[in-house]
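Below: one structure, written as structure tokens.
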There are 2 protein chains.
Amino acid sequence: MLDITRSTLAQQIARSIAEAIVHGQLQPGERLNEIELGHRFGTSRAPIREATYILEREGVVVRHPRRGVFVRDYTIKELKDLYDATYRLEELALTRVAAEATDPQLGRLHAIADQMGHAAKKRDIPTYIGLVEAMFQEVFRIAGNEVLQDFYAQMRSRLKPFRFMSLSHPDSLSHSVAEYQAILAALEARDLPGALAELRRKETRAVTHLLEAARERGASAA
Amino acid sequence: MLDITRSTLAQQIARSIAEAIVHGQLQPGERLNEIELGHRFGTSRAPIREATYILEREGVVVRHPRRGVFVRDYTIKELKDLYDATYRLEELALTRVAAEATDPQLGRLHAIADQMGHAAKKRDIPTYIGLVEAMFQEVFRIAGNEVLQDFYAQMRSRLKPFRFMSLSHPDSLSHSVAEYQAILAALEARDLPGALAELRRKETRAVTHLLEAARERGASAA
DNA sequence: CGACATTCGATTGTCGACAAAATTTTTGTC
DNA sequence: GACAAAAATTTTGTCGACAATCGAATGTCG
């Protein structure tokens, strides 16, 4: 039952701000000034205010009552927790996929993986990122638990501002593709332990990668 | 770093509405009329509006743009998903507790379990519920991942409106205590498989229990 | 010179009113 | 009497203004 209602001003502004955060125009820790944003978007403060609530629900922003809302900034510990939680959820989903996925469903995953390969060859990072999202969305759809799917989506949106770091290294694209293909191959062989092992490998690589980037960039001290 | 700022009007109203939902004064599916609530609380619509955003973030309410916000109503499928997700998170937490908990930490859990026993004997349900919350909070604190802890807290708050059902049966209190003690005993023996097995037993009982109650009460059709 | 109280500017919280939708009621027609 | 179109009503979305509060800058005293 999707809501095809034209989106409200607040929602559009929320998307706009979220994009600004992802693209780094709004830095982690920075405060969102309602008046200033109102001027920037040519609206009163009301829709801005509601947009901040939307963003807060998505976890990309924190609100300190009577003080303001701030672009969420993560300590090293929090980043680790976020990654950890993300991968635990992926494990849960993969476990179900390995157990219950039908062949056509696996076929869909395979198709996405192929497209990822093409995008990676062309170094088309935006499409690549989109395909990764699509892949996981499909995985969680197969897993069949909407609550988990929602949580997972929320985590990915929280990690988005850090995503560009992960893919900054020149070879990481092809590495990344290989990892996904390895996991998928294990799934198609109905080899759950294998799939989980590949996932863990991917996780450790991703985490070390991200943490060193974050340290350089100086995410607030742990 | 807890925020000891005096709570804002919107927050108080949010708590108040949440309570009304838990106590059934606001039924699942019912619409929250901003004007009416404004009169009831003697405020303008602004804080009411913000309260609904807070409640939406907590997942107890859904918003349909330009149509209103409604007390969240769950289909049978969604209830199952919610329970499933809850127990998957508990498994993750227990796994870590079994692996990493220090003896004093286990001692704290044991102390809480003892208090639960006393409360159950006295049939003091409010304290009992509070202790269950405390128990899980402690478990997740030991597990050490704040992100997972937050998600878990959110799920419990979503399930709150259904909690009174679970404990309506006369013997369920003592059953419940026994279940927690069994899990804890396994943990203290560092027997992870045993603890997980007990947890699953608890889960199946809880789910069948809740689902039959929900069916009677007629949660919206699956 | 430093710690603490005070003032002032800036910003969030709340209000009442208007605009834009959505829902309900009424009206007109077959 | 039932259905469709139109009017009326209700309700959400947005606005601009005022009040309460916070943080920084300033001033005062030890």
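Below, all heavy atoms of this structure are taken into account, side chains as well, without hydrogens, waters or symmetry copies. Each chain gets a letter, A, B and so on, in the order the sequences are listed, and its residues count up from 1.
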Between the protein and nucleotides 14-16 of chain D, which nitrogen or oxygen pairs come in under 3.5 angstrom?
unit_1, atom_1, unit_2, atom_2, d
D/dT14, OP1, A/Thr8, OG1, 3.2
D/dT14, OP1, A/Leu9, N, 2.8
D/dT14, OP2, A/Thr8, OG1, 3.3
D/dC15, OP2, A/Ser44, N, 2.9
D/dC15, OP2, A/Ser44, OG, 3.1

Is there any protein nitrogen or oxygen under 3.5 Å from a nitrogen or oxygen in nucleotides 7-11 of chain C, and what are the pairs?
unit_1, atom_1, unit_2, atom_2, d
C/dT11, OP1, A/Asn33, ND2, 3.0
C/dT11, O3', A/Arg31, NH2, 2.6

Exercise. Partner of C/dC30 by Watson-Crick or G-U wobble geometry, both contacts under 3.5 Å, or none?
Worked result: D/dG1
Problem set entry | Atom-to-atom span, OH of B/Tyr53 to P of D/dT12 - whole angstrom | 12 Å
Seminar exercise, completed: To the nearest angstrom, the CD-P distance between B/Gln11 and D/dT21 comes to 14 Å
Seminar exercise, completed: Residue set satisfying salt bridge (Lys or Arg N to Asp or Glu O under 4.0 Å) with B/Arg200, at least two apart, ordered chain then number -> B/Glu91
Exercise. Quick one: salt bridge (Lys or Arg N to Asp or Glu O under 4.0 Å) partners of B/Glu56, sequence neighbours excluded?
Worked result: A/Arg57, B/Arg63
Exercise. Does A/Arg205 come within less than 4.0 Å of A/Glu179, counting only side-chain N to carboxylate O?
Worked result: yes
Any residue meeting side-chain hydrogen bond (donor to acceptor under 3.5 Å, both in side chains) with [X], in chain and number order, not counting sequence neighbours:
| X | answer |
| --- | --- |
| B/Glu100 | none |
| B/Gln137 | none |
| B/Arg31 | none |

Problem set entry | Partner residues of B/Tyr152 under the ring-ring contact (aromatic ring centres under 6.0 Å, His included) criterion, sequence neighbours left out | B/Phe136, B/Phe140
Distance-only donor-acceptor hits, side chain of residues 37-44 of chain A, under 3.5 Å, sequence neighbours excluded:
unit_1, atom_1, unit_2, atom_2, d
A/Ser44, OG, A/Ala46, N, 3.2

